[in-house]
Amino acid sequence: MSKIIIEGQKELSGEINISGAKNSAVALLPASVLCKSKSVIYNVPEISDISYLIEIMEFLGCKIENKNGGLFIDTTELRNEPIPENLSVQMRASYYFMGALLARFGKVEISFPGGCNIGARPIDIHIKGFEKLGATVEIIKNRYIITAKKLKGTKIYFDFPSVGATINIMLAASGAEGTTIIENAAMEPEIVNVASFLINMGINVRGAGTKTIEIDGYKEPDNGVVDVFPDRIESGTYIIIGALLGKDLRIKGIIKEHIGALLMKLDEIGIKYQIDGDVLTISKCEDLKPVNIKTQVFPGFPTDLQQPITTLLTQIKGVSTIEETLYENRFKNTYDLNRMGAITNILTLNKLEVKGPRKLKGTKVITTDLRGGASLLIAGLIAEGVTEIEQCEYILRGYSNIIEKLSNVGAKIDFFE
Ligand code: EPU
């Protein structure tokens, strides 16, 4: 079993470059199969979720070359095969092949997707959307068989602005006849990134980034080119690390508008930073004030930064609270944080209280999900002594080259296979 070992309390200075966003890239790769012959995706992060998606695409007959900073994807020989369960369960984003293959072939067969165990994570909104477009969905023993003689554009109202459902329905609607209107769509930057790829391959998409998105179906999408946006969650994670251990730590690749809610909370806590273009510079801050955080859909405070910021809250004098409104099982990291010396209490299913400041001590911990892993890794960086993080594969799912990035700025951190 692989592990990360950290010797804590090292000051961090130098520059960290932010990679392409995981949650954009994992949608852009499946979206590329809409293209009749080829497409290019630049700035793809080096994370294990991407390796699994490439495996699925190669299984479907795509030829993929990694050169000149981009993934060059040839889809001329794409086949519509049922996607094997051992591949689809490796990550959540395998569900994007539902929308993309349905648009291209009118049929798709795939198992229920995997992903971090942070809640039930149903996909009913995706399924209802496919059905509204005219597809029939059969579920046989965890396998989804989705078929449509013809997809027809229509108006779809989402019960909840789900990121995955918004993207999946945009993909399916690309292959529909006429115009699809999604109401109460998600507004996360990932949606805008995917829309720009679709537009680049010839599909008319309007309103991405707002609550209403319109997509005109198009028969011949091709030659899409797109840059993956910088990862706002990775940016946020390193900013939090900088606030705890930085000495003029420079984080390059920031899009201020994507991390607005985090910056507002850092202001409230009393954390100082400077932004110059796409570089944010931050140093360890003192005299921090406790805060109340509530996770929300974009532009609210992102659930994916809730666990990383919990570790920061353990260092603040007073009582902070976190209300998690997206997932029902995203406080699992607090068990090990407490073992390291933090005082966190789960007050109700979705409310956490964090009492500080607490000195953390290195010990053996186990990662149970990606962002929880990030929270423990941050704890290891600030703790006295050595922290050993087991099951660190979760962290590598979402943080590109994290060991190198942190070592390069002065952290004592090693990965053991
Ligand atoms: N939901 C439903 N039904 C659906 C879809 C969603 O009830 O059909 C619920 C979910 O159970 C959850 C909420 O709606 O409670 C939000 O789900 P959403 O569909 O927006 O999330 P997702 O597409 O499954 C993506 C990211 C997550 C990120 C969320 C929210 C990917 C692969 N995953 O998940 O990323 O937390 O959006 O921003 O893009 C992570 O990176 O650590 C991560 C978990």
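Position 1 is the first residue of the sequence; numbering continues from there. Model, not experiment: these values are computed from the prediction. One-based numbering, in listed order, for ligands and for the atoms of each.
- If you check each of Gly300, Pro122, Pro161 against atom 11 (O) of ligand 1, the one with the closest non-hydrogen atom is Pro122.
- Contacts between Ile125 and ligand 1, counted as non-hydrogen atom pairs separated by less than 4.0 Å, involve both the backbone and the side chain.
- Residue Val163 places at least one N or O, backbone or side chain, under 3.5 Å from an N or O of ligand 1.
- With a 4.0 Å heavy-atom cut-off, ligand 1 is reached by the backbone of Asp124 and by its side chain too.
- Only the side chain of Arg330 comes within 4.0 Å of ligand 1, counting heavy atoms alone; its backbone N, CA, C and O stay farther away.
- Nearest non-hydrogen protein atom to atom 29 (C) of ligand 1 is Tyr327 OH, 3.2 Å.
- At a 4.0 Å heavy-atom cut-off, ligand 1 touches Arg121 through backbone and side chain alike.
- Side chain to side chain, Ser48 and Arg397 fail the donor-acceptor criterion of an N or O pair below 3.5 Å.
- Side-chain contact, Asn338 with Thr344: a donor N or O sits under 3.5 Å from an acceptor N or O.
- With a 4.0 Å heavy-atom cut-off, ligand 1 is reached by the side chain of Lys22 but not by its N, CA, C or O.
- The aromatic rings of Tyr238 and Tyr399 sit perpendicular to each other, their planes meeting at more than 60°, with 30° as the lower class boundary.
- For Ser111 and Tyr144, the side-chain atoms include no donor-acceptor pair closer than 3.5 Å.
- Of the N or O atoms in Val26, none lie within a sub-3.5 Å distance of an N or O in ligand 1.
- A donor-acceptor pair shorter than 3.5 Å can be found between the side chains of Ser19 and Lys405.
- What you find for Thr166 and Ala186 is that their closest heavy atoms are OG1-N, 3.0 Å.
- Neither side chain, Thr310 nor Ser375, offers a donor N or O lying under 3.5 Å from an acceptor on the other.
- Nearest protein neighbour of atom 15 (O) of ligand 1, counting heavy atoms only, is Leu326 O, 2.4 Å.
- Counting only heavy atoms of the protein, atom 31 (C) of ligand 1 lies nearest to Asn23 OD1, 3.3 Å.
- Proximity of Phe160 to ligand 1, defined as any heavy-atom pair under 4.0 Å, is confined to the side chain (atoms from C-beta onward).
- Below 3.5 Å of separation, one finds an N or O of Arg371 facing an N or O of ligand 1.
- Shortest contact from atom 43 (C) of ligand 1 to any protein heavy atom: Asp304 OD1, 3.4 Å.
- A donor-acceptor contact under 3.5 angstrom links the side chains of Asn345 and Glu353, judged on distance only.
- Shown here, atom 4 (C) of ligand 1 is in close reach of the protein: a heavy atom of it lies under 4.0 Å off.
- At a heavy-atom distance under 4.0 Å, only side-chain atoms of Tyr95, from C-beta outward, approach ligand 1.
- For the 3.5 Å distance criterion, the side chains of Thr212 and Glu183 qualify, holding a donor opposite an acceptor.
- Aromatic ring orientation, Tyr42 versus Phe72: perpendicular (interplanar angle above 60°, classes split at 30° and 60°).
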